[in-house]
Number of protein chains: 2
Amino acid sequence: MAEAPARRQTRQRTAVAEALEAQGEFRSAQEIYDIVRQRGDSVGLTTVYRALQAMADDGQVDVIVRGDGEAVYRQCSPSHHHHLVCRSCRSTVEIDAPDVERWAADVASQHGFRDVTHTVEVFGVCARCAD
Amino acid sequence: MAEAPARRQTRQRTAVAEALEAQGEFRSAQEIYDIVRQRGDSVGLTTVYRALQAMADDGQVDVIVRGDGEAVYRQCSPSHHHHLVCRSCRSTVEIDAPDVERWAADVASQHGFRDVTHTVEVFGVCARCAD
DNA sequence: TTCGTATTGACAATCATATTCATTTAAGGC
DNA sequence: GCCTTAAATGAATATGATTGTCAATACGAA
């Protein structure tokens, strides 16, 4: 859990964080905006975007940019992990990938690369949706 | 190499394909548009987008959606592979990842997922840019 | 309570990308 | 080569996720 800069704790940020916490799946900013409002909080859309970005910057939220370019957010566990996401219901499983970490480091090293990062996402149809 | 539907061979598509072929790096549609024009071909921006999308659909071009949501395109070898991309000069190395393929399949299977796909990209600073 | 300044939110702006629709053009048949 | 069909084009327009603006609000330290 990264040490966050001194951000003010506003009711809007709390509302966004709570809305996210109540979700298990990745959600877009627009969706989160809707969820916040459904829960009875009044927060501007711009503020939702900003709250999510701040949380992402602070390492409190994971962001994936989807194939269509839209960013989706999820409150995940703090440790480094990857995602197995159902294409249908979007349920998400956090997965560790020591083999992948090792592979990425090796490959990068073989080609003389430094300061290496990687993205890994796995998509499929979950057991429940496959039925 | 997927069997492409019956697409017409237009001078615009040829120009876009040749522009891409001359590049080793991932390039955005806007950049490819500029390159095409620099090479003396007159092609509309919309047409560039459409040509790239058609090529991507046909499996002739790889697409990555960048962290900022923008799509970038590259003409790659036909076989399944991943990319090691320099953050600075954007030079791109195609890499095989049998370990990752295996890991992805195992992980998905463990969680009962079917019809599994994955995305894996590795970013770093290449040897030349690190100096 | 006061004050400094971070934050908000409605509106406007941005920009990659997609749609529209009249026109152009590839390609197949004769 | 001509004709026909329909795929493709391209300029203008539209879309929509996201970000910027700026006056107003509100957090939190003193």
Side-chain angles (χ1 to χ4, degrees), chain A residues 2-20 23 25-58 60-74 90, chain B residues 2-20 23 25-58 60-74 90:
Chain A
E3 193 58 38
R7 296 197 195 274
R8 295 188 180 183
Q9 189 59 43
T10 63
R11 68 166 184 83
Q12 292 86 348
R13 285 183 173 151
T14 300
V16 170
E18 286 176 356
L20 250 196
Q23 302 296 313
E25 299 83 44
F26 276 99
R27 297 289 182 196
S28 69
Q30 312 277 353
E31 286 174 317
I32 293 160
Y33 171 66
D34 290 339
I35 294 163
V36 165
R37 290 196 312 164
Q38 278 164 34
R39 292 167 60 100
D41 293 298
S42 170
V43 180
L45 176 58
T46 306
T47 302
V48 171
Y49 272 105
R50 279 189 292 222
L52 290 168
Q53 191 55 61
M55 286 192 275
D57 290 343
D58 298 346
Q60 293 165 355
V61 159
D62 278 12
V63 192
I64 293 183
V65 178
R66 281 191 328 211
D68 63 2
E70 187 166 19
V72 288
Y73 305 82
R74 183 175 182 272
R90 297 152 66 178
Chain B
E3 193 57 44
R7 296 197 194 278
R8 298 187 178 185
Q9 191 59 42
T10 63
R11 67 165 185 83
Q12 290 89 349
R13 284 182 172 153
T14 300
V16 171
E18 286 176 355
L20 251 194
Q23 302 297 312
E25 298 82 47
F26 276 98
R27 297 288 182 196
S28 68
Q30 312 277 352
E31 285 173 317
I32 294 161
Y33 171 66
D34 290 338
I35 295 163
V36 165
R37 290 195 312 163
Q38 277 165 34
R39 292 166 58 99
D41 293 299
S42 171
V43 180
L45 175 58
T46 305
T47 301
V48 172
Y49 273 105
R50 279 189 291 220
L52 290 168
Q53 190 55 60
M55 288 192 275
D57 290 345
D58 296 348
Q60 294 164 356
V61 159
D62 279 11
V63 193
I64 293 183
V65 178
R66 280 189 331 210
D68 63 0
E70 186 166 18
V72 288
Y73 305 81
R74 182 176 182 272
R90 298 150 67 177

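Side-chain atoms are counted along with the backbone in the values below, which use heavy atoms only and exclude waters and symmetry mates. Just so we're clear, the structure is a prediction, and the values are computed from it rather than from any experiment.
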Atom-pair distance ([atom1] on [X]; [atom2] on [N]), nearest Å:
| X | N | atom1 | atom2 | result |
| --- | --- | --- | --- | --- |
| B:R37 | D:dG10 | CZ | P | 12 Å |
| A:E70 | C:dA18 | CD | C1' | 15 Å |
| A:R7 | D:dA26 | CZ | C1' | 17 Å |
| B:Y73 | C:dA16 | OH | P | 12 Å |
| B:L52 | D:dT9 | CG | P | 11 Å |
| B:R13 | C:dA26 | CZ | C1' | 10 Å |
| A:L45 | C:dA10 | CG | C1' | 11 Å |
| A:E31 | D:dG16 | CD | C1' | 14 Å |

Does the side chain of B:Q9 get closer than 4.0 angstrom to OP1 or OP2 of C:dA26 through an N or O atom?
->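 No, outside the criterion.
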Distance check: side-chain N/O of B:Y49 vs OP1/OP2 of C:dT17, anything under 4.0 Å?
->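 Yes, B:Y49 has a side-chain N/O under 4.0 Å of OP1/OP2 on C:dT17.
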Looking only at side-chain atoms of B:Q12, point me to the closest of D:dA8, D:dG10, C:dT8.
->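 Nucleotide nearest to B:Q12's side chain: D:dG10.
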For the side chain of [X] and the backbone of [Y], is there at least one donor-acceptor N/O pair under 3.5 Å apart?
| X | Y | value |
| --- | --- | --- |
| A:R11 | A:V43 | no |
| A:D68 | A:E70 | yes |
| B:R27 | B:L20 | no |
| A:R66 | B:V65 | no |

Base, sugar-phosphate, or nothing for [X], non-hydrogen atoms under 4.0 angstrom?
| X | result |
| --- | --- |
| A:T47 | base |
| B:R50 | base |
| A:R11 | sugar-phosphate |
| A:T46 | base |

Starting from the 5' end of DNA chain C, give me the residue, B:Q53 or B:T10, whose nearest nucleotide shows up first.
->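 Nearest-nucleotide comparison on DNA chain C picks B:Q53.
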Going by atom types only, do B:D34 and B:Q30 share a side-chain donor-acceptor pair under 3.5 Å?
->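 No, no side-chain donor-acceptor contact under 3.5 Å.
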Answer yes or no: side-chain N or O of B:R8 and base N or O of C:dG28 forming a donor-acceptor pair under 3.5 Å.
->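 There is none.
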